[in-house]
There are 2 protein chains.
Amino acid sequence: MQTNTQEEAIARLAHCLKQAGHRLTPQRLAICRALIESENHPTAAEIFERLRPAYPTMSLGTVYKTLRTLVELGAIQEIGDAGDGAEHYDVNLHPHVNLVCTLCNSVRDMDSAAIEQVADEVERNSGFRIRGARIVYYGVCPDCAGNGGSR
Amino acid sequence: MQTNTQEEAIARLAHCLKQAGHRLTPQRLAICRALIESENHPTAAEIFERLRPAYPTMSLGTVYKTLRTLVELGAIQEIGDAGDGAEHYDVNLHPHVNLVCTLCNSVRDMDSAAIEQVADEVERNSGFRIRGARIVYYGVCPDCAGNGGSR
DNA sequence: TTAGCTGCAAATAGTTTGCAGTTTT
DNA sequence: AAAACTGCAAACTATTTGCAGCTAA
């Protein structure tokens with residue numbers, strides 16, 4: 001489902017790289033694809049594992065380097081760790097809420113009418129020039145709450 | 001200014017520790033005090049440095065252990081790194097916005113009318129049971145923008 | 001008294017970096 | 001051909017952990 005939208009998203013990342021004078025190698029394209037196709041907001045290690053079968057020579061260092069490049073270009077966002085001690089990455093640049101399940105360490109997106117106003121409010125009241133945000137709520141997702149989510 | 005409020009806040013942290021059956025050692029009390037008195041939301045290393053003159057035998061490991069205990073008790077919050085690669089801690093449990101200046105790595109709090117609604121909205125729409133949040137905006141603070149904030 | 005805490009040092013683990021060889025442009 | 005990139009391994013660094021001795025309760 002929404003395959004062509006995914007292709008567009010991959011093309012957007014590829015375009016960002018080329019635009020900034022970076023080279024579009026097979027490894028980088030694969031990393032972009034993994035970012036877009038991933039359900040949860042992946043870590044570097046998760047992308048690496050996901051790509052390993054198809055790209056056996058892929059290096060974890062290359063994944064880190066590419067992710068950092070994309071972050072520096074503003075093409076993707078870091079959203080911090082999800083209780084697993086590793087950085088997670090988010091392809092969704094639209095202001096939104098990230099929901100972390102502290103039981104399964106998954107991260108999902110949620111649109112929020114209220115959050116869209118917050119950035120404006122913050123800029124107006126603080127004098128800050130806002131460049132980015134991490135809006136993360138921690139809790140227990142319905143799936144985990146369902147099957148024995150006592151903890 | 002607001003010294004008695006600060007004393008109350010320190011007492012709150014001390015109370016949390018005792019309440020949970022933990023011991024109130026001089027080191028822990030000093031760490032609580034440093035957390036409350038710190039202007040910016042400090043890292044473990046910052047607390048350690050701040051306390052070192054008065055507590056020359058204080059160990060960084062003890063700072064980490066105490067901070068973790070306080071987080072587990074829900075007495076303080078982790079708010080992620082501020083571009084310096086280290087975890088920052090926040091004593092303010094009221095839902096609020098953290099503003100990180102990416103030039104001076106300082107973190108300050110801001111109240112936001114809109115953010116108070118977001119948690120409700122999220123719980124209602126997602127089915128998540130929310131336990132905590134990190135609302136962090138990154139940008140350039142007015143001070144840094146003033147003196148040559150071109151970058 | 002004794003369970004829990006401190007301080008120290010060693011261990012962990014995520015991320016970054018240096019470099020030789022390879023590849024995109 | 002040249003500049004940039006990959007892969008590997010070593011380096012870094014924030015944080016955690018193990019343990020012997022100390023101390024709050």
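Every chain is numbered from 1 and lettered A, B, ... according to where its sequence line falls, protein lines coming before strand lines.
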Indicate yes or no: does [X] engage [Y] in a salt bridge with an N to O separation below 4.0 Å.
X: B:R134; Y: A:D81; value: yes
X: B:R33; Y: B:E7; value: yes
X: A:R68; Y: A:E72; value: yes
X: B:E121; Y: B:R124; value: no

For [N], take OP1 and OP2 only and decide whether either is under 4.0 Å from a side-chain N or O of [X].
X: A:Q27; N: D:dG7; answer: yes
X: B:R68; N: D:dT15; answer: no
X: A:T25; N: D:dT6; answer: yes
X: A:Y64; N: C:dT15; answer: yes

Rounded to whole Å, please give me the gap between [atom1] in [X] and [atom2] in [N].
X: A:L24; N: C:dT25; atom1: CG; atom2: P; answer: 6 Å
X: A:R52; N: D:dC8; atom1: CZ; atom2: P; answer: 10 Å
X: B:D81; N: C:dT16; atom1: CG; atom2: P; answer: 10 Å
X: B:L67; N: D:dA14; atom1: CG; atom2: P; answer: 15 Å
X: A:L17; N: C:dT24; atom1: CG; atom2: C1'; answer: 13 Å
X: B:L51; N: C:dT6; atom1: CG; atom2: P; answer: 12 Å
X: A:L60; N: C:dG14; atom1: CG; atom2: C1'; answer: 9 Å
X: B:L29; N: D:dT23; atom1: CG; atom2: P; answer: 17 Å

Out of [options], which nucleotide sits closest to the side chain of [X]?
X: A:M58; options: C:dT15, D:dG7, D:dA14; answer: D:dG7
X: A:H22; options: D:dC5, D:dT15, C:dT15; answer: D:dC5
X: A:E87; options: C:dT15, D:dT6, D:dA25; answer: C:dT15

Practice item. Calculate, to the nearest 0.5 Å, the distance between atoms CG and OG1 belonging to B:L67 and B:T62 respectively. Key: 10.5 Å
Study note, to complete from the structure: Whichever of A:K65 and A:A45 has the more 5' nearest nucleotide on DNA chain C, that residue is A:A45
Review point. 5'-most contact on DNA chain D: A:T62 or B:K18, nearest heavy atom basis?
Key: A:T62
**Study point:** Which residue lies more 5' along DNA chain D, comparing A:T57 with B:D84 via nearest heavy atoms
**Key:** A:T57
Check your understanding: Can you find a donor-acceptor pair, distance only, under 3.5 Å between B:R23 side chain and D:dA25 base?
Key -> no
